[in-house]
J.: 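Mind having a look at this structure? Questions to follow.
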Amino acid sequence: MRILGIETSCDETGVAIFDDEKGLLSHELYSQVKLHADYGGVVPELASRDHVKKTIPLIKEALKKAGLTPADLDGVAYTAGPGLVGALLVGATIGRSLAYAWDLPAVAVHHMEGHLLAPMLEDNAPEFPFVALLVSGGHTMLVEVKGIGDYQILGESVDDAAGEAFDKTAKLMGLDYPGGPLLSKLAEKGTQGRFKFPRPMTDRPGLDFSFSGLKTFAANTIRANEDDEQTRADIAFAFQEAVVDTLAIKCKRALKQTGLKRLVIAGGVSANKYLRQELEALMTKMQGEVFYPRTEFCTDNGAMIAYAGMQRLKNQETTDLAVKAYPRWPIDQLEPVNN
Ligand code: KG4
Ligand code: ZN
């Protein structure tokens, strides 16, 4: 079975072709970062218009690189939510229409399920069950995963997502959008111990997160100190350390609560080296194992959508001819897959 996957939920156009026997045959990505950089964040209308320009050329390119024609495909998967409604509608309209024209089944994919299953594209794929820490620009949550589609949310952010907190703090420090990776780079030159940020919501039981206070703490720290390069690096270090520590504390709690030994991290922030390092140390201590996607599949991409779509199609899930997008779509509303 060979599936074309299309991702357009935010500021990246991703297209990929996945084959259940041969694996990933091709994948193409166009990032809109430059388009939004002048505005300091994603401008939804510009994002939609750019997806309109890029999606079909990327599909043609992905087919060409895989040496395939549409007749070689068995289905079309597209991200239907959650995300920016206009951006989602572009991928959904193109995906649904191509499937109709090519006489193929179409399947609507949940963006966060795509992230959650992205580590399955690696050689060292995790077995079920596991705990997943999903950390992206729009979501932060801990999920108990018993199988594909069998998701129980253990905790989530009550305000900003982890990636959002990185981006907002980076903006305060004058870094370009999206600031997460840049802040992390700056933190590499930082010294541990000069600043101490709080670890929000770790002093009480529960698995929810709150990151908006860290941004305020960062703003106050920036204001109260000199604006030299070392101070900026030290603040970046302390901020990143606080986010990562907080995530690690909650992961440990979730693993203890569920009795599981496998931890999956996915979503844009799972590309963060310091987070990976800390969670690896935690899992070594807990005699468990941590799994994550290769760096390019941590952030938005078409490969994870093709893979998730394939699992859903094998479960006989297809969409009717109506083009639908779901800006809000809780992950625990998905149906379990019995492949
Ligand atoms: O999963 P993703 O590509 O898009 C959403 O679904 O939101 O995640 C993007 C987020 C951004 O907030 C970005 O700053 C953050 O992931 N991010 C990082 C790193 N790489 C990407 N945050 C911290 N450190 C990184 N290395
Ligand atoms: Zn994402």
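Here, residue 1 is the first one in the sequence, and each next residue gets the next number.
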J.: Side chains of Leu175 and Asp167: closer than 4.5 Å at any heavy-atom pair?
T.: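 No. Closest side-chain heavy atoms not under 4.5 Å.
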J.: For residues Thr202 and Arg253, is any side-chain donor paired with an opposing acceptor at under 3.5 Å?
T.: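 No donor-acceptor contact under 3.5 Å links the two side chains.
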J.: Side chains of Gln240 and Asn272: is there a donor and an acceptor less than 3.5 Å apart?
T.: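 The answer is yes; a qualifying pair exists.
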J.: I'd like to know if the side chain of Tyr292 pairs up with that of Asn124 as donor and acceptor (distance under 3.5 Å, no hydrogens or angles considered).
T.: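 No, Asn124 and Tyr292 have no side-chain donor paired with an acceptor closer than 3.5 Å.
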J.: Could you tell me whether the side chains of Asp234 and Gln230 share a donor-acceptor contact shorter than 3.5 Å?
T.: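 Yes - a donor-acceptor pair under 3.5 Å links their side chains.
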J.: Would you mind reporting whether Glu28 and Pro57 have side-chain heavy atoms less than 4.5 Å apart?
T.: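 The answer is no, as the side chains (C-beta and beyond) never meet within the 4.5 Å cut-off.
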J.: Within a 6.0 Å radius of atom NZ on Lys314, are there more than 12 heavy atoms belonging to other residues, nucleotides or ligands?
T.: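 Enclosed: over 12 neighbouring heavy atoms sit under 6.0 Å from NZ of Lys314.
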J.: Would you say His111 and Glu7 are linked by a side-chain donor-acceptor pair, where the criterion is simply a distance under 3.5 Å?
T.: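 Yes - a donor-acceptor pair under 3.5 Å links their side chains.
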J.: Scan Ile3, Leu117, Asp300, Val109 and name whichever one has a side-chain contact (heavy atoms from CB on, under 4.5 Å) with Ile305.
T.: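 For Ile305, the side-chain contact (heavy atoms from CB on, under 4.5 Å) check succeeds only for Val109.
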J.: More than 12 foreign heavy atoms under 6.0 Å from CZ of Phe128: is that the case here?
T.: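 Atom CZ in Phe128 is crowded, with more than 12 foreign heavy atoms closer than 6.0 Å.
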J.: Remaining members of Ile56's ILVMFWY cluster at a side-chain heavy-atom cut-off under 4.5 Å?
T.: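 Besides Ile56, the hydrophobic cluster comprises Leu4, Ile6, Val15, Ile17, Leu25, Tyr30, Val52, Leu58, Ile59, Leu63, Leu68, Leu73, Val76, Tyr78, Val90, Ile94, Leu98, Trp102, Leu104, listed by chain and residue number.
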J.: Any side-chain to backbone donor/acceptor pair from His36 onto Val43? Under 3.5 Å, distance only.
T.: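 Present.
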